[in-house]
Amino acid sequence: MKLSVSILNIDYKNIEKNLNDIIDDIDYVHLDVMDGVFVKNLSFGPALIKSIRPLTEKTFDTHLMIINPEKYIKDYVDAGSNIITFHVEATGDVLGTINLIKSYNVKAGLSIKPNTEVNAIKEFLPYLDMVLIMSVEPGFGGQKFMENSIAKAKELQELKKKNNYHYEVNIDGGINNETIKKVKDYLDVCVVGSYIVSDKNPKEKIELIRNA
Ligand code: DX5
Ligand code: ZN
C-alpha cells in the first residue's frame, strides 16, 4: 500500500522543513484544493502547489474539491500535478473532465463523497487511474473515519479484478493506526493527513501506519 500524505493541516510557516522531514518516507504528496462552494472551506490553489513543486520529485496527488473542475484542470497541470482527482458530484461532464486530464498526460482520479455509492461511477471505472473514496465529509482534516467507506473499497477491488481495470483504490479521511487496519486489505493507496502532519513526531506515525 502506498502512502499519500495530505499537507492540509501542515504548519505552512515551515512548510519546506516539514515536508523535507517526511518526504523520503512517503509515496505521494496529497494536495487538498477547496473552493468554499463545493465544500464549506477554502484552502489553496495552484500557486501554492507550484511553489512547493521544486522541493521534491515525488508524485503530486491533487484532490480538487471544487465545482466545475473542468475549468481549472490546466492550472493544476501547469502547477505540477501528476494525478488530478475531482468529484463526480461536482460536474455534469465527468467523462469530458477525465479525458481533459489525460490529454495533458496526467493521471485521472474520480472521488465519491460518503453519501455517493460506487454505482454512481461504474460507467467511468474503465477510464480511471485512481478512485478516491471519501471516508469523511470533504472540507476539513481531523474528522472521524466513516465505516461505510470499507465496503466501497472492497467493491472497487472486486470490480477491478473482475474487469481488469487499472485504477488505484484510495481512501481519504480519518485514517490513523487503528482505522487503517479496517481497510488496508482493500487499498492500493491511502491518504493520511493530520495523524501525521499535526504530530510532533511524524516519522514515527508514518511507521505506525506502515506497520499497522
Ligand atoms: C478532507 C481532505 C482530506 C483530509 C485528510 O476534505 O480531502 O485529504 O485533509 O486529513 P485527515 O487524515 O486529517 O482526515
Ligand atoms: Zn483529500
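Read the numbers this way: they start at 1 and go in the same order the structure lists the ligands and their atoms.
- Closer than 2.8 Å to the Zn ion (ligand 2) sit the protein N, O or S atoms H30 NE2, D32 OD1, H63 ND1, D172 OD2.
- Residues V136 and F140 do not share a hydrophobic cluster, defined by chaining ILVMFWY side chains whose heavy atoms lie under 4.5 Å apart.
- No side-chain donor from either of S135 and S149 sits under 3.5 Å from a side-chain acceptor of the other.
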Ignoring hydrogens and angles, write down the donor-acceptor pairs under 3.5 Å from the side chains of residues 119-126, residues two or more places apart or on other chains.
none

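- Side-chain contact annotation: K58 with Y28, donor-acceptor N/O pair under 3.5 Å absent.
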Do any nitrogen or oxygen atoms of ligand 1 lie under 3.5 Å from a protein nitrogen or oxygen, and which ones?
from	atom 1	to	atom 2	distance (Å)
ligand 1	6 (O)	G139	N	2.8
ligand 1	7 (O)	D32	OD1	2.9
ligand 1	7 (O)	H63	ND1	3.2
ligand 1	7 (O)	D172	OD2	2.9
ligand 1	8 (O)	H30	NE2	3.4
ligand 1	8 (O)	D32	OD1	3.1
ligand 1	8 (O)	D32	OD2	2.7
ligand 1	8 (O)	D172	OD1	2.6
ligand 1	8 (O)	D172	OD2	3.0
ligand 1	9 (O)	D32	OD2	3.3
ligand 1	12 (O)	G193	N	2.8
ligand 1	13 (O)	G142	N	2.8
ligand 1	13 (O)	S194	N	3.0
ligand 1	13 (O)	S194	OG	2.5
ligand 1	14 (O)	G174	N	2.9

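- L110 and V33 fall within the same hydrophobic cluster, where Ile, Leu, Val, Met, Phe, Trp and Tyr residues are linked whenever their side-chain heavy atoms come under 4.5 Å apart, directly or through other members.
- Salt-bridge annotation for K160 and D188: present, with a side-chain N of the basic residue lying under 4.0 Å from a carboxylate O of the acidic one.
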Please tabulate, one pair per line, all N/O donor-acceptor pairs under 3.5 Å involving side-chain atoms of residues 85-94, not counting sequence neighbours.
from	atom 1	to	atom 2	distance (Å)
H87	ND1	E89	OE1	3.0
H87	NE2	H63	NE2	3.0
H87	NE2	S111	OG	3.4
E89	OE2	K113	N	2.7
E89	OE2	T116	OG1	2.6
T91	OG1	E70	OE1	2.9
T91	OG1	D93	N	3.0
D93	OD1	G96	N	3.0

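- Within a 6.0 Å sphere centred on CG of D78, heavy atoms belonging to other residues, nucleotides or ligands number more than 12.
- D32 and S6 share a side-chain donor-acceptor pair at under 3.5 Å.
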